[in-house]
Amino acid sequence: IDRVRTLTAGRGADVVLHMANTPRSFVEGIEMLKRGGMMLEMGNFADTGEISLNVHRHICSKNIRLIGLTNHPSTGYGPALRLLERYADRYPFAEMVTHEFGLADVETAMHTSMSPDSMKVAIVPGLHQDIQSDAD
């Protein structure tokens, strides 16, 4: 939150993409927003517990837009992709993908996605990783 405030001269972020799957960081995302900012909530796609939220302070007085996406409804892809396209020149979205796996490595990808060493894990159909045999 402090880093975002420093980078924005105290104003806050225009847009926050929350993908962390932790309820505590949900409130932190809201705290990072500027007045009138927008947050896309994509991280809590499963029940991760409850949080304490001050509706007046976190939502109303900041006049934020909060958009929740879960279970990947088809109607969510268009707005999300337009948002990424709109801000692609300002934010390094591609750098957020820290790991890529092919379909054969889905189990490893899932475990990696829950590790603190990953940010965003992508499963890329057709991606073949070099597999060395014992003979090599």
Side-chain angles (χ1 to χ4, degrees):
I1 297 167
D2 290 339
R3 180 74 173 137
V4 170
R5 295 265 179 233
T6 299
L7 291 170
T8 61
R11 188 183 76 246
D14 295 320
V15 177
V16 169
L17 304 177
H18 183 261
M19 301 180 221
N21 200 29
T22 63
R24 184 174 148 234
S25 63
F26 173 80
V27 175
E28 290 174 358
I30 291 174
E31 293 281 350
M32 290 179 193
L33 283 173
K34 73 174 189 175
R35 188 173 178 355
M38 177 172 54
M39 186 161 111
L40 284 173
E41 168 53 47
M42 300 173 270
N44 287 283
F45 50 84
D47 188 348
T48 56
E50 297 182 8
I51 56 167
S52 178
L53 179 81
N54 183 311
V55 176
H56 172 73
R57 186 176 119 216
H58 292 111
I59 309 291
C60 297
S61 70
K62 290 184 80 158
N63 196 30
I64 69 168
R65 286 182 50 193
L66 179 59
I67 300 172
L69 299 169
T70 186
N71 295 329
H72 309 290
S74 60
T75 57
Y77 286 110
L81 290 172
R82 283 191 295 278
L83 181 74
L84 292 172
E85 183 178 58
R86 180 177 175 186
Y87 292 100
D89 62 331
R90 292 189 228 171
Y91 303 105
F93 295 122
E95 293 175 22
M96 293 179 189
V97 177
T98 57
H99 299 80
E100 292 183 350
F101 295 92
L103 288 173
D105 298 313
V106 167
E107 184 175 353
T108 302
M110 295 302 289
H111 288 287
T112 302
S113 73
M114 294 179 215
S115 117
D117 297 330
S118 70
M119 184 179 298
K120 186 69 176 171
V121 175
I123 297 173
V124 182
L127 180 69
H128 299 287
Q129 295 184 356
D130 293 334
I131 300 174
Q132 294 181 357
S133 69
D134 292 336
D136 289 345

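Computation of the quantities below employed the complete heavy-atom set of this structure, encompassing side-chain atoms and omitting hydrogens, waters and symmetry-equivalent molecules. Remember, predicted model here, so these are calculated numbers, not experimental data.
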Inset, instruction - Find out whether V27 and L53 are in side-chain contact, i.e. whether some heavy atom of one side chain is under 4.5 Å from a heavy atom of the other. - result: yes
Inset, instruction - Could you check if a side-chain atom of S25 sits within less than 4.5 angstrom of a side-chain atom of H18, using non-hydrogen atoms only? - result: yes
Legend entry - Side-chain donor/acceptor of E41 to backbone N/O of G43, under 3.5 Å: yes
Legend entry - Same cluster (ILVMFWY, side-chain, under 4.5 Å), V97 and L17: no
Legend entry - N/O donor-acceptor pair under 3.5 Å between S113 side chain and V121 backbone: no
Inset, instruction - For M110, look at atom CE and say whether over 12 heavy atoms of other residues, nucleotides or ligands are found less than 6.0 Å away. - result: no
Legend entry - Hydrophobic cluster identity match, M119 and L40, side-chain contacts under 4.5 Å: yes
Legend entry - Rounded distance [0.5 Å steps], CG in L127 versus CG in D105: 8.0 Å
Inset, instruction - Could you grab the distance from atom CG of D2 to atom CG of L7, nearest 0.5 Å is fine? - result: 11.0 Å
Inset, instruction - Give, for atom OG1 of T112 and atom CZ of F101, the distance between the pair rounded to the nearest 0.5 Å. - result: 3.5 Å
Legend entry - Flag, side chain of K120 to backbone of M19, donor-acceptor distance under 3.5 Å: no
Inset, instruction - Test V16 against every option in E31, M38, M32 by the side chain to side chain contact (heavy atoms under 4.5 Å, CB included) rule and name the one that passes. - result: M32
Inset, instruction - Find out whether K62 and L33 are in side-chain contact, i.e. whether some heavy atom of one side chain is under 4.5 Å from a heavy atom of the other. - result: yes
Legend entry - Separation of I64 CD1 from I59 CD1 (nearest 0.5 Å): 4.0 Å
Inset, instruction - Check the angle between the aromatic planes of Y87 and Y91 and answer parallel, tilted or perpendicular using the 30° and 60° thresholds. - result: tilted
Inset, instruction - Please round to the nearest 0.5 Å and tell me the distance separating atom CD1 of I51 and atom CD1 of I30. - result: 6.5 Å
Legend entry - Shortest non-hydrogen separation from R90 to D14 and the atoms involved: NH1-OD2, 4.0 Å
Legend entry - Exam field: side chain R65 to backbone G36, donor-acceptor pair closer than 3.5 Å: no
Legend entry - Verify same cluster id: L66, M42 (apolar side-chain graph, 4.5 Å): no
Inset, instruction - Evaluate the side-chain proximity of L83 to F93: yes if any heavy-atom separation is below 4.5 Å, no if none is. - result: no
Inset, instruction - Could you tell me whether the side chain of T98 and the main chain of S118 form a donor-acceptor pair under 3.5 Å? - result: no
Inset, instruction - Please indicate whether R24 has more than 12 foreign heavy atoms, meaning atoms of other residues, nucleotides or ligands, lying under 6.0 Å from its CZ. - result: no
